[in-house]
Number of protein chains: 2
Amino acid sequence: MTAKYERGPYAKGRERREAILKATLDVFSESGYRGASLRAIARELDISPALLQHYFSTREELLMEVVSAWDDENDRRSEGLTFLAHWLVNIKHNTEIPGLIRLYTALAIEATDPDHAARPYFNRRYDNLTSQIVRDIERQKSVGLCPEDIDPKRVARLLIAACEGLQIRWLHSPDFDMYEEFVGLLRDFQLTPPVEEAEIALARALEIPDGEGA
Amino acid sequence: MTAKYERGPYAKGRERREAILKATLDVFSESGYRGASLRAIARELDISPALLQHYFSTREELLMEVVSAWDDENDRRSEGLTFLAHWLVNIKHNTEIPGLIRLYTALAIEATDPDHAARPYFNRRYDNLTSQIVRDIERQKSVGLCPEDIDPKRVARLLIAACEGLQIRWLHSPDFDMYEEFVGLLRDFQLTPPVEEAEIALARALEIPDGEGA
DNA sequence: GTCTATATCGCGATAGAC
DNA sequence: GTCTATCGCGATATAGAC
């Protein structure tokens, strides 16, 4: 998407949009949530704060779009896998981007406010996550790969909550291994197949490092 | 503590301190995190913002002390119980104070910043929680009330993370039953005795409502 | 469409008078 | 212990130049 050779009056604008999203993340990763003011981001890009707001009219909107872009990127990662395995691969990847996880979590809390712009985004996100987990578990059940007596919805709620809680804990102590903890929880629920699937995918990614050279 | 009949030059100051903590929570519950500025809290109390800062020199300090006071109050609640049961009772109670839980969670995220004043507080809190959970599980193990093969530390990490994640989810959708979800997780880990202990304590509290009249 | 300049507001924090 | 005044900063809105 947004090819390098794009022409027309909107090309520059779109490039700038992406540059802004990238800069936001950079500033955020380096200076933390409170440091990532619109002015600081504008400074990083050597543009005026007002121009920034020409592209993203509010700070909330900007932050939301950064998170949403990360979300889309995640969706594209390791597409062939089972959802739970796919999720695990993403959690492993999250381990390398504390700034983004911090942004995500901070936004999730802020969006708790009844009239926050990102509220519907999070509710949609939780719903999507839930239905994908449920579908996955039910598929595993039908093949006899996991016990019949587990409640897919309940497990989904628990997994989502655990994931967010583990992230918070990991942000507090970077040595905390949130990936391993999540794997452990999946094993507790006897959802071992996706774990093995993810481990194979991750091992393969190590052998053939495509984005590793950057 | 802090008796009504206390005398001396510090009495008024201490009363004011408590009034400030209470007002902070009120404003926070009503106007959310971003609405709870020092000015708004001062307005609520009909004092000047500067006076507020005479008692709590920074905003961070003030918020931290509100959370810390809630923590102490929790410690005093249902003291006779096993720690896990005690925790459950507190989670049930949390169900009625969304404003405080929101403050707690928001602060937990902010404290993720390496040089935030509340960082050591949270690390200490996590450590205390962990050791109490571990002690509890080990005691249960020694009496044969829970399976030998579970790793207490690992379960502690998972329970803490789950609790915080469930809170976030509950803040997003108030119908979400974080207490029941947590109970379910404890059952998954075959930690049923504390669940029953808590249910009995909660039922008794319903029969004899002591603080309910306020 | 792209961009700058400017103005207003509310914030946390400090200094100093009473 | 309490106030007023003020500082510097960030968020946001608007007017208008290119």
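When reading the values below, keep in mind they use all heavy atoms of this one structure, side chains included, and skip hydrogens, waters and symmetry mates. Reminder, nothing fancy here: chain letters follow the sequence lines and each chain counts from 1.
Here the C1' atom of nucleotide D:dA11 and the CG atom of A:Leu52 are 12 Å apart, to the nearest Å. Distance B:Glu15 CD to D:dT2 P: 11 Å, rounded to the nearest Å. Rounded to whole Å, the distance from CZ on B:Arg17 to P on D:dG1 is 11 Å. Distance CZ (B:Arg16) to P (D:dG1): 10 Å, rounded to an integer number of Å. We find that NZ of B:Lys12 is positioned 7 Å from C1' of D:dG1, with the value rounded to whole Å. Between the CZ atom of A:Phe56 and the P atom of D:dA13 there is a distance of 16 Å, rounded to whole Å.
Residues satisfying the side chain to side chain donor-acceptor pair (under 3.5 Å) criterion with A:Glu30, sequence neighbours excluded, are absent altogether. Remark: B:Glu197 pairs with B:Thr82 by the side chain to side chain donor-acceptor pair (under 3.5 Å) rule, at least two apart or across chains. In this structure, B:Gln53 has no side chain to side chain donor-acceptor pair (under 3.5 Å) partners at least two apart in sequence or on a different chain. Residues forming a side chain to side chain donor-acceptor pair (under 3.5 Å) with A:His93 (at least two apart in sequence, or on another chain): A:Arg77.
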> Nucleotide by nucleotide, 5' to 3', does protein get under 4.0 Å of the base (B), only the sugar-phosphate (S), or neither (-) in nucleotides 11-18 of chain C, counting heavy atoms?
Replying inline: BBBB----

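Contact detail for A:Arg102 and B:Ile109: the closest heavy-atom pair is NH2-O, 3.4 Å.
Between A:Ser48 and C:dC3 there is no side-chain N or O to OP1 or OP2 distance below 4.0 Å. For C:dC3, neither phosphate oxygen OP1 nor OP2 lies less than 4.0 angstrom from any side-chain nitrogen or oxygen of A:His54.
Residues in residues 35-74 of chain A take part in these ring-ring contact (aromatic ring centres under 6.0 Å, His included) pairs, two or more places apart or across chains: A:Trp70-A:Tyr104.
Residue contacts shown for B:Tyr55 are limited to sugar-phosphate atoms, with no base heavy atom under 4.0 Å away.
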